[in-house]
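To start, the structure itself, in structure tokens.
Just so you know, ligand 1 is whichever comes first in the structure, and atom 1 is the first atom listed for that ligand.
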Amino acid sequence: MIPEFKLYLPESVEEACKLRSELGPAAEIVAGGTDVYVKMHKGEHRPKFIIDIKNIPELKDIKGDEKTGLDIGSMVTHHEVETSDVVLKHYPVLFEGVNTIGSLQIRNRGTLGGNICTAAPSADGIGPLLVLNAICVVQGLKGMRTIPLEDFFSGPKQTVLKKDDVLVRILVPPVTGENGSAYYKYGRRKAMEIALMGITVYVEVNADGKSCSDARLALATSAPIPIRAKMTEAYLKGKDLSDPVVLKAAGKLVLEEAKPRSSWRSSAEFRRNLLRNLVPKIIHRAYRNVSSGVGYAE
Ligand SMILES: Cc1cc2nc3c(=O)[nH]c(=O)nc-3n(C[C@H](O)[C@H](O)[C@H](O)COP(=O)(O)OP(=O)(O)OC[C@H]3O[C@@H](n4cnc5c(N)ncnc54)[C@H](O)[C@@H]3O)c2cc1C
């Protein structure tokens, strides 16, 4: 059973920030509730006050296109993301990541903002947003500010949000050049599985169609927080992405910056083996998707 709590339903972001600040640490924001209510049900979490932000209209829309970039309200659900035409056409890697989350029921309730704020190292929505250089727009009592998603996580399941902050929007800059991307979630079964490993790759290639002009690689469940593998990215720039020697070297190099740990799901050693073997494959898949124009085609 869910423990008793007092419910607040603010109708504006300002009101939500004020409530957060006044009610203090005993209050919890709820977006879709797929993390918060599950933890409460298990008895792992007992907030006295719930600030449910579902009645704030300005958090619920996806705006933008391939030229302006995306501007996604934090309350947009995973299902709204995965069925957005502009996401499918121009940001397929975001479709890919979000499409692997839970079940349709979970994706119908769970929000992109909730996925980011849960800050789980395994979150499937975060890697795609990291390689797309997403920016978080945060509002607090003192006003609005932006935080690159890369700087949003301060520790396992922790964010840099202050006690009066609400994540309001997620900005995704336009993608440029000849690009391809891919997300791969490794789990023991296909459905309703938390990622044992999540690998997201975004690459751009030069006019020769082979050499890499930009590479971005994000790893889930490979460190205490979701990370970008900057050393491996730097190594890939200028390299021929069809060369197996380059791909193998990337799989070796990534182990120098990933810090997977052992958990009841898997040992650190198994995760390191996954990285060594899967990173080359997913880079190659992203590279092949440059010409196919999609991020999810195999
Ligand atoms: C059966 C099941 C399967 C799942 N499978 C997956 C999976 O495959 N992959 C995956 O990544 N996740 C999975 N999840 C976890 C969860 O569904 C996602 O993380 C989801 O995106 C959380 O979003 P939410 O809106 O429900 O968050 P909530 O539960 O409402 O909130 C989560 C946290 O974020 C905070 N928060 C939410 N919105 C804001 C905001 N705008 N500003 C500030 N703080 C905010 C809340 O205070 C809370 O701490 C699963 C969960 C369940 C129950």
Side-chain angles (χ1 to χ4, degrees), residues 2 5 7-8 10 12-13 15-17 19-21 23 25-42 44-47 49-56 58-60 72-82 94 96-130 136-140 144-145 147 152-153 156-170 183 185-198 200 218 220-221 226 265:
I2 290 186
F5 58 85
L7 178 67
Y8 292 85
S12 69
V13 177
E15 201 189 329
C17 297
L19 279 168
R20 258 204 108 177
S21 162
L23 299 169
E28 178 89 18
I29 287 196
V30 162
T34 61
D35 274 321
V36 175
Y37 290 136
V38 169
K39 274 196 230 148
M40 286 173 72
H41 195 261
K42 285 186 187 160
E44 292 169 1
H45 192 41
R46 302 178 80 87
F49 312 108
I50 292 282
I51 306 168
D52 188 328
I53 56 176
K54 70 166 169 262
N55 288 351
I56 307 179
E58 72 253 37
L59 303 181
K60 292 183 169 178
I72 309 173
S74 64
M75 280 295 289
V76 167
T77 65
H78 302 308
H79 190 56
E80 285 164 337
V81 173
E82 72 184 351
L94 183 55
E96 267 194 289
V98 159
N99 183 249
T100 68
I101 294 178
S103 59
L104 184 56
Q105 288 91 330
I106 293 291
R107 295 198 296 281
N108 259 325
R109 279 207 69 93
T111 64
L112 201 56
N115 200 244
I116 294 173
C117 291
T118 298
S122 59
D124 292 298
I126 294 176
L129 289 169
L130 278 174
C136 297
V137 181
V138 169
Q139 189 168 334
M144 204 100 91
R145 66 190 193 283
I147 305 168
F152 196 77
F153 309 107
K157 303 203 173 171
Q158 279 168 20
T159 72
V160 296
L161 288 182
K162 300 207 178 96
K163 65 177 174 40
D164 55 323
D165 281 339
V166 175
L167 171 65
V168 288
R169 303 201 73 84
I170 301 117
Y183 177 70
K185 173 178 184 168
Y186 182 89
R188 290 226 177 82
R189 43 173 211 256
K190 283 222 183 287
M192 298 285 277
E193 172 71 316
I194 300 295
L196 272 187
M197 172 70 53
T200 321
T221 326
R265 285 181 207 282

*Where does V38 meet ligand 1, judged by heavy-atom distances below 4.0 Å: at the side chain, the backbone, both, or neither?*
side chain
*asked:* Could you tell me if T118 and D35 have a donor-acceptor pair between their side chains, going purely by distance under 3.5 Å?
replied: yes
*Who's closest to atom 11 (O) of ligand 1 heavy-atom-wise, of D124, V168, T34, I170?*
D124
*Hey, is L112 one of the residues with a heavy atom under 4.0 angstrom from ligand 1?*
no
*Is the shortest N/O to N/O distance between R109 and ligand 1 below 3.5 Å?*
no
*Salt bridge present between D52 and K54 (N-O < 4.0 angstrom)*: yes
_So, regarding G32 and ligand 1 (criterion: nitrogen or oxygen to nitrogen or oxygen, under 3.5 Å), is there a contact or not?_
yes
_N-O pairing of K185 and D124 below 4.0 Å_ = yes
_Any residue meeting salt bridge (Lys or Arg N to Asp or Glu O under 4.0 Å) with R109, in chain and number order, not counting sequence neighbours_ = none
*Selection from H78, H41, M40 by shortest heavy-atom distance to atom 21 (O) of ligand 1*: H78
*Got an N/O contact under 3.5 Å between T111 and ligand 1?*
yes
_Proximity of K185 to ligand 1 by residue part, where a heavy atom lies under 4.0 Å_ = side chain
_Considering both backbone and side-chain atoms of C117, is one of its nitrogen or oxygen atoms within less than 3.5 Å of a nitrogen or oxygen in ligand 1?_
no
*asked:* So is M75 touching ligand 1 or not, going by heavy atoms under 4.0 Å?
replied: no
_Show, in sequence, the C-alpha distance, side-chain angles and deciding distance for V76 and V81, and conclude whether the side chain to side chain contact (heavy atoms under 4.5 Å, CB included) test is met._
CA-CA 7 Å; V76 167; V81 173; 3.7 Å; yes
*Below 3.5 angstrom, do we get any N/O pair linking I101 and ligand 1?*
no
*R20-ligand 1 polar pair, N/O distance under 3.5 Å*: no
*Of the backbone atoms (N, CA, C, O) and the side-chain heavy atoms from C-beta on, which set of A31 has a member under 4.0 Å from an atom of ligand 1: side chain, backbone, both, or neither?*
both
_With nothing but distance in play, are any N or O atoms of G125 less than 3.5 Å from an N or O of ligand 1?_
no
*Using a 4.0 Å heavy-atom cut-off, say whether I106 meets ligand 1 through its side chain, its backbone, both or neither.*
side chain
*L112 and L129: side chain to side chain contact (heavy atoms under 4.5 Å, CB included), yes or no, with the steps?*
CA-CA 10 Å; L112 201 56; L129 289 169; 4.1 Å; yes
*Could you say whether the N/O atoms of G33 and ligand 1 ever approach to under 3.5 Å?*
yes
